[in-house]
Amino acid sequence: MSMESAGQSARKTGFRAGDWLIRNHIWIFLAIAITVFSFASPYFLTLNNLGNVLTQAAFIGILAVGMTMVILNGEIDLSVGATLALAGALAIGLQPLIGVWPAIFAGFLASAALGFLNGAFVAFSGMHSFVVTLGALIGIRGLVFVYTGENALMVEDFSYTEIPELYLGPVSLTAMIFFGLALLFQWVLTSTRHGRETYAVGDNIEAAHDSGINIKRHKIINFTICGAMAGIAGILLSMRLGTAEPNAGRIWELWTIIAVVLGGTRLMGGYGTMWMTIGGVLTLAVIRNGLRLLNTPNYVELIVMGTVLILALALDRLLEHGRSRR
Amino acid sequence: MDWMNVARRHGLLVAFGLFLAIVASSADGFLTVGNILDVLRQVSIIGIIALGVTFVVISGRLDLSVGSMLTLLTVIVVDQHNNLGPGGAVLVTLGAGLLIGAWNGALVGFLKLNALIVTLAMLSLLQGLTLFYSGGSNVNVEGAQTTWFAIFGRGTVWGIPVPALLFLGFAVIASFVLRRTVYGRTVYAVGGNETASVFSGIDARWTVFLAYVLSGVATALAAIIMGSRVMGAQNTIGQGYELTVLAGIILGGTSLMGGSGSIWRTVTGVTMLGFIQNGLLLLGFPYYVQWLVTWAVIIAAVWIDLAAKRGRIIA
């Protein structure tokens with residue numbers, strides 16, 4: 001089932017509650033989470049805290065924008081956490097040598113190049129992207145350890161940490177970049193040929209191939225986007241912290257995939273939007289922030305996340321059942 | 001004899017032999033009985049888990065929760081040894097492994113939820129349960145050195161470590177189940193072509209369910225050995241094991257797509273992985289270089305395998 005076919009049936013038959021639910025269940029989740037935490041903690045619904053939630057959401061969010069492009073193609077990228085760490089390390093580590101902005105650019109370029117390599121390897125070897133990017137995860141993390149000598153790199157030029165200190169009310173520049181990128185790629189998905197073909201490749205790769213779409217090129221472009229997004233997230237994170245930890249972003253690939261799938265994007269490809277990803281990222285961030293405000297122990301977060309994800313999958317399955325019966 | 005053909009079909013083993021020769025000539029103490037037994041002892045925990053996960057992978061699914069499951073079950077076996085004694089601890093741990101496996105199996109087999117995401121969710125959930133159970137602190141065995149519980153991880157029979165013997169024993173049983181029983185054949189059928197297997201009357205839901213149960217029980221057995229060997233449990237003791245298990249299975253040549261593979265491939269893969277990491281360690285490489293090399297080897301192995309199937313590689 002593709003997004004198009006769900007959308008078309010809605011267009012043909014007018015508004016259907018079921019169809020609306022299939023596409024938008026994440027906003028109901030988000031509303032429930034916000035309502036619950038508003039009652040549970042007096043601090044939750046303050047402008048300051050909501051701004052914090054957006055900033056915290058932005059890092060996983062930017063990763064999730066790239067991951068959505070890859071997942072829509074029916075692939076997966078497990079290496080984004082390591083790429084994030086490498087981009088941050090380069091952006092800070094190269095500053096004494098080449099200056100702040102060239103270092104930022106170098107970190108970004110390196111991450112995009114790693115994404116390109118992942119994509120090229122997946123496209124031309126025919127290997128499962130799960131295996132390729134699991135290898136890349138370990139390899140890139142190894143590079144980070146080699147480059148940083150297993151120590152955190154400290155920033156020397158503090159103008160670097162001031163870059164994201166630009167706020168629009170409570171909304172940080174980091175959060176704005178997340179929303180900007182999400183909107184940009186939503187536009188790419190709906191209004192460009194690359195976007196439409198991305199859905200086609202994820203939905204039915206053989207049909208896409210037979211209709212003349214260059215599948216290899218598609219995968220390479222989307223993996224490159226994914227790597228570039230990981231680079232942006234890593235650079236922004238190193239700006240916020242003023243350091244680049246070799247362990248930065250560890251298991252963030254899991255949180256990213258969880259956010260994307262929670263939003264309702266199908267892991268098998270072909271179905272999903274950036275709106276869903278924004279919804280998934282925000283829901284995840286609200287739950288984490290809310291649990292922390294309530295001072296719950298660490299394990300509650302882990303258990304709640306696991307449970308929420310399984311419930312989201314079960315709901316997705318239920319809705320799909322309803323749809324296929326119609 | 002066509003040597004090209006041999007090299008193509010057993011290229012991995014040839015490369016592995018070369019690796020062994022290089023390490024043996026440059027690192028002292030690599031090809032000694034003591035070191036080989038050490039490697040076998042080390043791989044047995046990963047290996048026993050991998051036996052269970054092989055059923056899951058051949059049925060066309062994945063289990064990424066085994067590392068966290070191993071952590072939780074090791075904490076349970078150590079803690080229950082203090083409460084119930086060795087017999088109770090072993091039984092409770094096996095029961096808990098069975099239950100977690102059944103839960104995974106119910107979600108993936110019967111509810112047909114995506115295996116990758118379900119077991120990722122379980123990875124997080126089981127980590128939380130571990131911290132909840134242990135209260136965030138490490139658990140230590142009191143007085144277990146003096147009970148028979150110590151045999152699983154520390155005992156030897158004719159100089160061979162008990163964990164290695166258990167690994168071999170379970171491998172024989174698992175191989176028998178997979179190759180000679182009706183259930184084993186349904187695992188291949190479901191992994192090969194699920195729709196066709198359902199049309200031919202196989203209940204794929206039960207097949208997948210049982211594969212996860214086996215994965216859970218195998219992890220429980222590994223946890224018993226782990227608890228007995230370490231005589232304690234940290235909250236991170238099994239972290240990352242799911243990837244090592246997967247690495248061993250892939251290196252053995254079992255396809256992640258399901259439908260093919262065997263227990264002996266897993267045994268070979270896991271053992272090779274153990275020797276590669278041990279060899280690199282003896283050569284003095286840091287931990288992350290071991291991993292880099294390991295994954296380079298695995299990716300090369302899978303790539304050559306794929307290319308050879310397509311007939312692109314001549315030699």
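Source: prediction; values computed, not measured. Per chain, numbering begins at 1; letters A, B, ... match sequence-line order.
Listed in order of number, the residues of residues 141-153 of chain A that approach chain B to under 4.5 Å between heavy atoms are A:Gly142, A:Phe145, A:Val146, A:Glu150. Using a 4.5 Å cut-off between non-hydrogen atoms, the part of residues 288-303 of chain A that approaches chain B consists of A:Tyr299, A:Leu302, A:Ile303.
Between atom CE of residue A:Met127 and atom CG of residue B:Leu256 there is a gap of 9.0 Å, rounded to the nearest 0.5 Å. Taking CG from B:Leu116 and CE from A:Met268, the interatomic distance works out to 7.5 Å, rounded to the nearest 0.5 Å.
Judged as a salt bridge (Lys or Arg N to Asp or Glu O under 4.0 Å), not a single pair has a partner in residues 121-134 of chain B (not counting sequence neighbours).
Environment of CZ in A:Phe130: crowded, with over 12 heavy atoms of neighbouring residues, nucleotides or ligands closer than 6.0 Å. For B:Phe285, the CZ atom counts as loosely surrounded, since its 6.0 Å shell holds 12 or fewer non-hydrogen atoms of other residues, nucleotides or ligands.
Interface summary for chain A: among B:Thr130, B:Leu126, B:Leu123, B:Asn114, the most heavy-atom pairs under 4.5 angstrom belong to B:Asn114.
Taking every heavy atom of both residues into account, A:Ile310 and B:Leu113 meet most closely at O-CD1, 4.2 Å. The two residues B:Ser124 and A:Gly306 come nearest to each other via the heavy atoms OG-N, 3.6 Å.
In this structure, A:Leu134 and B:Leu246 have side chains that are in contact, with non-hydrogen atoms separated by less than 4.5 Å.
Contacts between B:Leu129 and chain A at a heavy-atom distance below 4.5 Å involve backbone atoms as well as side-chain atoms. Contact of A:Val261 with chain B is made through the side chain alone, with heavy-atom distances under 4.5 Å. Proximity to chain A involves both the backbone and the side chain of B:Ile117, based on heavy atoms less than 4.5 angstrom apart.
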Table please: side-chain donor-acceptor pairs of residues 68-82 of chain A below 3.5 Å, with sequence neighbours left out.
residue	atom	partner	partner atom	Å
A:Thr68	OG1	A:Ala64	O	2.6
A:Thr68	OG1	A:Thr277	OG1	2.7
A:Asn73	ND2	A:His218	O	3.4
A:Glu75	OE1	A:Ser129	OG	2.6
A:Glu75	OE2	A:Lys219	NZ	2.6
A:Asp77	OD1	A:Ser79	N	2.8
A:Asp77	OD1	A:Ser79	OG	2.7
A:Ser79	OG	A:Asn118	ND2	3.0

